Every structure is written in C-alpha cells, then in structure tokens.
Amino acid sequence: QKFVYSFTEGNKDLKDLLGGKGANLAEMTNLGLPVPPGFTLTTEACKVFLETGSEPASLHEEVSAHLDALEREMGKKLGQADDPLLVSVRSGAKFSMPGMMDTVLNIGLSDASVLGLAAQSGNERFAWDSYRRLVQMFGKTVLGVEGELFEEALDEAKAAKGTTDDLDLDASDLQVLVDTFKAIVLRETGRAFPQDPRDQMDLAIHAVFHSWNGDRARLYRRQERIPNDLGTAVNVCSMVFGNLGEDSGTGVAFTRDPSTGAVGVYGDYLSNAQGEDVVAGIRNTLQLSELEKLDKKSYDELMAIMHKLELHYRDLCDIEFTIERGKLWMLQTRIGKRTAAAAFRIAVQLVDQGLIDLDEALHRVTGGQLAQLMFPRFAPDASSKRVAWGLAASPGAAVGKVVFDSYTAVKWSRSGEKVILVRRETNPDDLDGMIAAEGILTSRGGKTSHAAVVARGMGKTCVCGAEELEVDTKRRRFTTADGQVVEEGDVVSIDGATGKVYLGEVPVLPSPVVEYFEGTLHAGADVQGGLVQAVHRLMSHADVRRRLAVRANADNAEDGGRARRYGAQGIGLCRTEHMFLGEERRKEVEHLILADNDKDRESALGTLLPLQKGDFLELFQAMDGLPVTVRLLDPPLHEFLPDITELSVRVALAEARKDPNENDLRLLQAVHKLHEQNPMLGLRGVRLGLVIPGLFGMQVRAIAEAAAERKLAGGDPRPEVMIPLVGTVQELEIVRDECERVLAEVASSTGVQLDIKLGTMIELPRAAVTAGQIAEAAEFFSFGTNDLTQTVWGFSRDDVEASFFTAYLEKGIFGVSPFETIDRDGVGALVKHAVEAGRATRPDLKLGVCGEHGGDPDSVHFFHEVGLDYVSCSPFRIPVARLEAGRAAL
Ligand code: PEP
Ligand code: MG
C-alpha cells in the first residue's frame with residue numbers, strides 16, 4: 001500500500017485519500033501554478049496510526065524516499081547547517097476544518113541551521129524569529145506545552161524593550177527568546193527541544209495525526225456532521241517565507257465575495273508576515289486590492305491565477321498565498337465556504353457564464369441555506385443606536401446579551417438566554433461559545449479571520465473587525481468610540497449583512513425571499529443583487545426535477561392559504577384538535593365526556609357538528625382543487641378538561657363553603673377516571689373513536705357535509721379522512737365501517753356524489769410491521785414519524801430533547817436528534833418495510849409522511865429514496881422541502 005504521494009502525483013478528486021488540502025495542492029501543481037514542492041501522507045496512514053498507535057511499517061522508508069526527492073529538487077537538505085531546507089507539516093482532512101487541527105511551520109531549524117538560514121537570507125532577525133516560532137509552535141502543538149507560557153515570555157521580552165510590537169524585537173532579543181523558549185520546553189516536558197530535523201518532522205507528523213482526535217476537532221465534526229473515522233492527511237511542504245521583509249507577505253483571497261457572491265477582488269494581505277498571522281486576526285490586514293500598489297507584478301499574477309482557478313474548479317475558490325521577496329507562491333486552494341445568499345447567487349451566475357448547468361446549480365444550494373434566507377432582517381428605526389460598524393462577515397440579524405467568554409456563552413444559553421459572544425478575536429478554543437451564541441462580534445480580524453470563517457460555516461451571524469470597540473474581556477465589558485461602556489448582560493443587536501452593531505434590541509423585517517414566496521414583491525424588482533431571481537430560478541428547476549409532491553401541515557384556512565402561496569400541493573395533515581377548543585366548544589366536549597347516556601352524548605355532538613362543518617367549509621374553500629387530508633381527533637381527552645389541580649382546589653373550596661358544584665364534582669371524577677400515567681400511550685387516536693360512540697362519525701359527517709355544500713356551490717373540495725394511531729387492521733376496519741356508513745348517508749341526504757378516500761397514519765411500530773394487513777383497509781398511509789420515532793426509540797417526544805439529548809449528542813450516540821432527522825437505520829427501516837408491504841397489498845396505495853421530518857432536508861432525501869408520493873410539513877418549510885425534493889431527484 002502506498003502511503004505517500006508527491007504533489008505531482010495527486011489530483012483534486014483524491015480528497016478521501018489526500019485530504020482537501022493535499023488533493024488541491026496536487027491539482028494546482030499539475031495546473032502549472034507556483035506551488036512549493038512537497039508531498040502528502042495519506043488519511044490511510046493516519047487511520048493505521050490512530051488504530052495501532054504507531055506508523056504503518058513502510059511509512060518511514062516512504063517518507064525518506066520522498067524527502068530525498070524533495071531535497072534533490074530544492075538542492076538542499078532538511079535542516080542542513082549552512083543552508084537548511086525547511087518544511088511545514090500541515091493537517092488536511094477531506095472536509096475543511098478551519099483551525100481545528102495542527103500545523104507546524106519552519107521544521108528543520110536548529111541551533112546549527114539557524115545560523116545557516118541567517119547567512120543565506122542575509123537577515124539575522126528573520127532567522128531567529130523563524131526559530132522562535134518553531135520552538136513555540138512545536139512546543140505547544142507537538143509537545144503539549146501550555147501556549148500561554150510562550151505568550152507570557154514573549155510579552156515580557158517586549159515589555160523589557162518598552163514595546164508592544166513584535167517587530168521591535170531585534171535579532172539578539174529573539175536569540176535570547178529562543179533560549180527562554182527552549183528552557184520552557186525542557187522544564188515542562190523533561191526533554192530538550194529536538195535538534196534532529198527528521199525527528200522534528202516525524203514528531204510533527206504524529207502530532208497532526210493525533211490532532212484528528214483532539215477535543216476541538218471532535219466537537220467541530222459533530223457540529224458539521226463530519227464522520228469520525230475519516231482521518232486526516234498530512235502535507236509536508238517546502239517553506240516559503242512571507243516574513244523576509246517588506247517585499248514579502250502573505251494573504252488569503254476569494255475569487256468572488258463569499259458573503260454576497262459579487263464578482264471582484266476580495267481578500268486580506270499582510271506584508272512581512274507568516275501564514276497564521278492573517279487568519280488569526282492578530283494584526284490588522286490590508287485589503288487585497290492594495291497589494292496592486294505594493295507589488296504589481298505579484299498582484300497581476302495572482303489575479304490571473306485566481307481567474308484560472310475559478311474556471312478550472314467552476315466555482316468560488318478561496319486561496320492562501322505567500323510572496324517571498326517578490327515571488328508569488330500558492331499555498332492552498334479549495335472550494336470556498338460562502339453565505340446562503342452567495343451560494344444562490346453564485347450558482348446562477350455560473351449557469352449564466354455557461355460554466356455549469358441548472359442541475360449542477362441546484363446541487364450546489366441546500367434547503368438549509370434557503371431556510372437561512374427566510375429569516376427576518378433588521379429594520380433599524382430612529383431610536384436604534386448604532387455604536388460600531390464592523391465587517392459584514394456572516395449574515396443574519398442577531399439580538400442577545402453580551403458575553404465575553406465561551407464558558408459564559410454556553411452557561412447562559414443553556415438557561416435559555418440568547419447571547420452574543422464578544423471577543424477581540426476568536427480562536428478554536430472559542431468554538432463551544434460560538435455554537436451556543438446567536439451571533440459573534442469581534443473587534444479585530446478581517447473577513448477571513450477565524451471568527452468569520454467558522455461563523456459562515458455554521459450559518460451563524462457574525463460581525464468582525466469592529467475596530468472602534470475596545471474589548472476588555474478581563475473586566476467583561478467593551479467601550480464604544482464615544483466612551484459608552486457595555487457590560488456583560490447588556491443587550492446588543494448585530495447585523496451580519498451590513499456589519500452594523502446597535503445597542504439594545506432593533507426591530508426586524510421579513511426577508512425578501514419570504515416576500516417573494518408570499519407574492520408581495522413586485523415582479524422584476526432587483527432585490528438584493530439578484531438574490532430573489534436566483535432563488536426563483538432554482539426553485540423552478542427543483543419543481544421541474546422533483547418526483548415527490550409537497551403538502552402542508554395546516555389546520556385552518558389561513559395556514560392553508562399561506563402553504564398554497566409557498567407552493568404546497570395540498571394539505572397532508574389537518575389536525576382537528578383545535579376544532580374542539582374555545583369556550584363554546586370546550587363546554588360541549590365536557591358534556592360529551594361526562595355524558596352517561598345516548599341522549600346527552602348526541603346533544604353534545606349535535607352542537608359540535610355545525611361548528612366543525614363551518615371550519616371545514618373555510619378550509620376546503622381555501623384549498624379548492626387540492627387534496628386535504630383531515631385527521632380525526634388524536635390527543636388524549638384530558639387535554640380538553642380543566643387542569644386536575646385547579647379543579648381539585650375549586651371543588652375543595654366549594655366544599656369548605658358548603659356550596660358544592662354538582663358539575664365540578666362530576667368533572668373532577670371524570671378527570672380522575674381519565675387520568676393516565678402515560679397519556680401518549682393511552683386513550684387517544686383511533687382508540688377514542690372506538691370507545692366514544694359517535695365522535696368520529698360526527699367529524700366525518702362534518703367533513704362530508706362541508707364537501708357536499710362546497711360542491712353544490714361549484715367548488716372542488718378534495719377531502720381525505722385519516723385515522724390516527726392505528727396498531728392493527730381490526731381497529732381500522734371498525735372505524736372504517738362507521739365512516740363509510742356516514743359518507744353514504746350524507747351522499748344520499750345531499751344528493752351529492754362524494755369520493756372521499758379513507759386512510760390511516762402509520763405511527764406505531766406494529767402498524768409498520770403489519771402494514772401489509774393494514775393496507776387492506778386503507779387507501780393511503782401517512783407516516784407519523786413523530787410518534788413513530790417516539791415509540792420505536794421509546795423516547796418521550798415531549799421530554800427527551802430538553803433532558804438528556806445533550807449528553808447523547810456529546811457522547812456522539814447520534815449526531816442529530818432522531819426527532820429532527822429521520823433515523824434511517826431504525827425508524828427508516830420500518831418506513832421502508834411498510835412502504836413495500838403496503839404496496840404489495842394495494843399497488844395504488846398513496847404514501848406520504850406528515851411528521852416533522854417531512855420538512856427536514858436529509859429526511860426528504862430518504863423519503864424520496866423509499867418511494868413516497870409526498871412529504872407534508874409546516875407551511876414555512878414548504879420551500880425547503882420543494883428544493884430538497886428537487887435535489888433528491890438529481
Ligand atoms: C406524528 O406523530 O408524526 C404526527 C404527524 O402526528 P402528531 O404530531 O400530531 O402526533
Ligand atoms: Mg402522531
């Protein structure tokens with residue numbers, strides 16, 4: 001097995017093996033771009049190392065061979081005393097994990113070779129600074145020395161010089177600092193800083209392998225749903241230096257604006273600096289366009305390369321580059337992360353440029369991004385007080401209480417507070433807090449700083465580089481340019497689309513994308529630089545491609561109307577419980593429950609009938625011409641009765657007054673009788689229909705009479721009747737007989753021919769397992785994946801997410817709640833079985849899903865794969881479901 005690939009051997013399609021960075025370095029090398037030579041150790045080598053605790057047997061030899069070749073190419077040897085070859089050892093997994101894993105630069109420097117580097121570069125300060133950085137980075141990431149110790153020593157050295165700027169330390173200061181750093185390493189680890197260059201390299205490689213399993217990396221993977229078993233590749237790359245003087249520097253750039261998608265020059269540049277300086281946001285950077293003035297030749301070459309890369313990858317690329325004494329080097333490229341708005345715009349721009357087709361464009365946007373675009377945005381009014389204007393790093397409108405550290409962010413958000421994490425700059429240790437916060441605000445760093453990159457990846461609002469703010473994390477406050485002090489706990493609003501920061505809570509406006517779906521935007525308006533047009537084109541294409549129909553979960557005419565505007569093709573779930581609520585109806589429900597004879601029961605049902613019929617008339621009118629699946633009453637009856645404690649108190653008080661209320665007493669008895677330890681597994685769903693005579697019949701009559709009336713008025717009502725919580729076909733058969741009798745009665749009394757399908761929900765494991773039998777009595781199935789998940793896992797859907805799911809997620813038992821994304825292996829397997837068994841019995845069985853999963857992107861793909869006819873979800877999720885159903889069909 002081959003574990004090491006030269007950059008000349010790989011290509012961009014080998015990301016599994018070479019990681020994203022390695023694969024793209026190889027691709028750039030083969031495109032003839034100026035990439036410093038090097039080689040990549042594969043993810044396979046990492047996996048062996050992590051499984052067995054040591055390198056694969058052949059690895060050392062293979063690395064030696066590639067190192068030899070590299071040394072021959074460069075004409076010098078690693079760590080050679082008079083003219084050392086230096087290398088970087090950089091992590092690079094299949095999916096980019098910015099800053100989550102380790103990197104060590106300047107490998108090959110030692111007490112001897114630092115002198116050679118000084119002589120060769122003619123720059124003693126540079127050589128000692130590079131050595132200082134190596135001992136520091138190596139000490140921290142490879143040897144596990146507390147990073148603060150180096151930072152403090154560096155601060156002391158600067159303080160002794162009376163400065164706060166690294167650049168004021170001269171060669172002899174840095175030489176002393178190297179000794180201090182080496183002493184720290186010896187003291188903390190009990191061993192000297194290794195002087196042998198190959199030892200340095202091997203140890204750094206192992207450290208990078210190990211960093212795959214570091215806390216930060218694990219947390220990031222869980223968040224981003226990246227599998228744990230991929231491993232990281234390691235890139236060994238000959239060093240080029242951006243810190244050799246003013247004719248050198250380093251930068252990051254995007255081929256177009258990652259926050260809006262606009263074409264142009266976007267990036268940051270820092271002269272006389274080395275790689276991490278830019279991304280870490282340590283010094284404030286120049287805009288890339290200013291490089292043109294500093295070094296036109298390199299700038300022009302860079303622009304040409306960026307153009308070439310974008311055409312080659314047919315997508316937005318981000319790059320890292322270094323200029324060493326006027327010579328440009330490419331250190332990295334990848335498909336760039338981008339905001340949701342940019343994703344839609346860029347996809348459509350590339351179609352218009354003829355680089356990709358509409359299918360590819362649809363493939364490149366996600367339902368999650370669309371959902372982000374549907375969030376409201378800020379509409380500052382006269383009273384909104386802007387206190388800073390930073391960089392619009394990741395869009396969104398976030399309001400919350402200011403916190404200054406990750407720990408507090410997590411603690412406060414767990415207790416239900418919305419928080420904004422404010423830092424001078426973020427680093428990977430802040431990840432927990434960034435996840436917990438509504439938004440992130442920093443006073444330093446550009447659009448490519450850690451905060452910006454990570455926030456965009458998470459879809460979290462971020463304003464960075466708000467330089468007017470003086471952030472004092474120790475005293476937990478920041479000060480604005482005009483001297484106002486904002487303390488921990490004060491509320492701020494940050495606008496990730498404009499970079500503006502406000503004190504207090506700013507009012508919000510609906511998103512233009514929502515206005516587009518609502519039809520309240522006037523046609524042709526150029527909204528947000530073509531965003532709405534881009535959404536329109538990709539939604540239309542999704543509609544052309546998708547096989548799944550999309551329906552809505554909507555209980556009334558208003559929601560139904562919205563769903564229709566958003567593109568719903570019917571109602572997949574009308575829950576009828578609200579039709580039993582409200583002052584007047586509730587009383588009748590009480591009568592119904594208390595009735596101990598047919599007459600009282602019929603009277604209560606008789607009062608409810610016209611009220612419910614009225615509801616259905618409105619609903620069928622709103623949904624004229626589209627199917628409306630009406631589910632008969634589902635929840636346990638106690639939900640309609642007064643609260644047991646309240647009622648007990650009322651009865652006790654009345655008794656104390658010697659004025660007992662007869663009705664309350666009976667009600668209390670009924671409440672006690674209906675009380676259940678596990679109401680979700682008790683008298684609900686079809687069971688209600690079976691034990692309360694006439695209840696389901698009344699509902700079906702209301703549906704049928706409303707439909708008949710609509711038909712007589714010239715409408716096209718298309719109701720379907722759905723029975724919930726069925727576990728066995730016998731239950732369904734009994735209820736079905738009653739429904740059919742009522743339908744026949746209404747047809748004959750109104751003289752209207754009604755064609756109303758009768759079907760059932762599949763939301764119990766037994767129903768799924770015996771779906772073949774149940775299909776005998778059902779014309780359609782709708783999977784109730786909320787209850788099905790609850791009963792398959794034995795998880796109370798009302799409790800677990802707030803109680804122990806966090807622990808489950810932390811332990812990686814699942815990456816996402818099974819109530820959010822369908823559990824394919826368990827719940828999904830039952831769905832699949834029920835689909836097959838149901839269709840075997842009844843080939844034209846109509847199949848849908850109406851649990852929350854119907855609007856979840858991943859789950860929509862699953863429902864497409866198992867061959868459902870439709871998904872049904874809340875009106876607001878309809879566009880997401882349409883888009884994902886289209887993507888699933890590509
Ligand atoms: C379900 O259980 O998935 C469902 C749609 O019904 P409800 O959420 O009303 O129980
Ligand atoms: Mg249910």
Side-chain angles (χ1 to χ4, degrees), residues 548-555 568-576 616 619-620 623 626-634 684-690 695-697 699-704 707 717-744 754-764 766-788 830-831 833-851 854 863 866-873:
L548 279 174
V550 176
R551 295 195 193 178
N553 294 355
D555 308 343
Q569 293 153 287
I571 288 180
L573 173 63
C574 166
R575 293 180 169 101
T576 53
F616 288 125
L619 185 63
F620 297 160
M623 301 307 292
L626 297 179
V628 176
T629 308
V630 180
R631 181 180 71 185
L632 305 186
L633 191 65
D634 181 56
R684 56 172 286 221
V686 67
R687 304 161 194 176
L688 290 170
L690 292 168
L695 173 64
F696 278 11
Q699 288 197 284
V700 172
R701 187 176 297 277
I703 295 165
R718 302 197 181 173
E720 303 170 336
V721 170
M722 179 156 79
I723 319 296
L725 216 78
V726 164
T728 166
V729 68
Q730 282 84 354
E731 291 169 320
L732 188 58
E733 280 166 355
I734 297 172
V735 171
R736 193 186 167 92
D737 286 347
E738 184 184 1
C739 295
E740 278 175 344
R741 202 175 57 245
V742 173
L743 290 177
L754 294 169
D755 175 23
I756 299 181
K757 282 197 169 65
L758 290 170
T760 184
M761 294 189 70
I762 301 289
E763 48 184 347
L764 290 175
R766 193 180 191 288
V769 170
T770 62
Q773 295 167 12
I774 290 178
E776 306 270 2
E779 288 162 276
F780 64 87
F781 286 172
S782 179
F783 290 94
T785 46
N786 302 334
D787 273 308
L788 193 57
L830 281 176
V831 170
H833 167 79
V835 166
E836 286 159 8
R839 284 219 173 107
T841 301
R842 190 189 286 264
D844 65 346
L845 185 71
K846 193 136 183 102
L847 295 161
V849 58
C850 62
F863 298 131
V866 296
L868 297 195
D869 297 303
Y870 67 87
V871 295
S872 187
C873 58

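In this text, all values refer to a predicted model and were calculated from it rather than measured experimentally. Count residues from 1 along the sequence.
Taking the side-chain hydrogen bond (donor to acceptor under 3.5 Å, both in side chains) definition, one finds that Gln773 meets it with nothing, sequence neighbours left out. Remark: Ser782 pairs with no residue by the side-chain hydrogen bond (donor to acceptor under 3.5 Å, both in side chains) rule, at least two apart or across chains. For Glu763, the salt bridge (charged side-chain N to carboxylate O under 4.0 Å, His left out) criterion is met by no residue, not counting sequence neighbours. Residues meeting the side chain to side chain contact (heavy atoms under 4.5 Å, CB included) test with Leu743, sequence neighbours left out: Val700, Ala704, Ile756. Among residues two or more places apart in sequence or in another chain, the side-chain hydrogen bond (donor to acceptor under 3.5 Å, both in side chains) test is passed with Glu740 by Arg736. In this structure Phe780 satisfies the ring-ring contact (aromatic ring centres under 6.0 Å, His included) test with no other residue, sequence neighbours excluded. For Phe620, the ring-ring contact (aromatic ring centres under 6.0 Å, His included) criterion is met by Phe616, not counting sequence neighbours. Judged as a salt bridge (charged side-chain N to carboxylate O under 4.0 Å, His left out), and not counting sequence neighbours, Arg575 has no contacts. Every residue meeting the side-chain hydrogen bond (donor to acceptor under 3.5 Å, both in side chains) condition with Arg701, not counting sequence neighbours, appears here in chain and number order: Glu745.
Looking at Leu690 and Ile734, their side chains come closer than 4.5 Å, going by heavy atoms from C-beta outward. With a 4.5 Å cut-off on side-chain heavy atoms, Tyr870 and Val550 do not count as touching. Contact check for Leu758 versus Glu779: side-chain heavy atoms found under the 4.5 Å cut-off.
Taking CZ from Phe781 and OG1 from Thr760, the interatomic distance works out to 7.5 Å, rounded to the nearest 0.5 Å. The line from CZ of Arg631 to OG1 of Thr576 is 7.0 Å long, rounded to the nearest 0.5 Å. Once rounded to the nearest 0.5 Å, the distance linking CG of Leu830 with CZ of Arg766 reads 13.0 Å. In this structure, CE on Met623 lies 10.0 Å from SG on Cys574, to the nearest 0.5 angstrom. For the atom pair SG of Cys739 and CZ of Phe696, the computed distance is 8.0 Å after rounding to the nearest 0.5 Å. For the atom pair CZ (Arg687) and CG (Leu633), the distance works out to 13.5 Å, reported to the nearest 0.5 Å.
Across all non-hydrogen atoms, the minimal contact from Leu845 to Ala775 is CD2-CB, 4.3 Å. A pairwise comparison of heavy atoms in Gly759 and Ala778 identifies CA-CB, 4.2 Å as the closest pair. Residues Cys850 and Gly572 come closest through the heavy atom pair CB-O, 4.2 Å. Cys873 approaches Gly854 most closely through the heavy-atom pair CB-C, 3.7 Å. Taking each heavy atom of Leu754 and Ala707 in turn, the nearest pair found is CD2-CB, 4.0 Å.
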Give the intermediate values and the outcome of salt bridge (Lys or Arg N to Asp or Glu O under 4.0 Å) for residues Asp787 and Arg684. CA-CA 12 Å; Asp787 273 308; Arg684 56 172 286 221; 2.9 Å; yes

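Among residues at least two apart or in separate chains, salt bridge (Lys or Arg N to Asp or Glu O under 4.0 Å) pairs with a member in residues 834-846 are Lys832-Glu836, Arg839-Asp869.
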Donor-acceptor contacts under 3.5 Å from residues 721-733 side chains, at least two apart:
residue	atom	partner	partner atom	Å
Thr728	OG1	Gln730	N	3.4
Thr728	OG1	Gln730	OE1	2.4
Glu731	OE1	Gly727	N	2.6
Glu731	OE1	Thr728	N	3.2

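A donor-acceptor contact shorter than 3.5 Å is absent between the side chain of Gln569 and the backbone of Leu626. Counting only distance, with no hydrogens or angles, the side chain of Ser872 and the backbone of Val849 share no donor-acceptor pair below 3.5 Å.
A donor-acceptor contact closer than 3.5 angstrom is absent between the side chains of Thr841 and Glu776.
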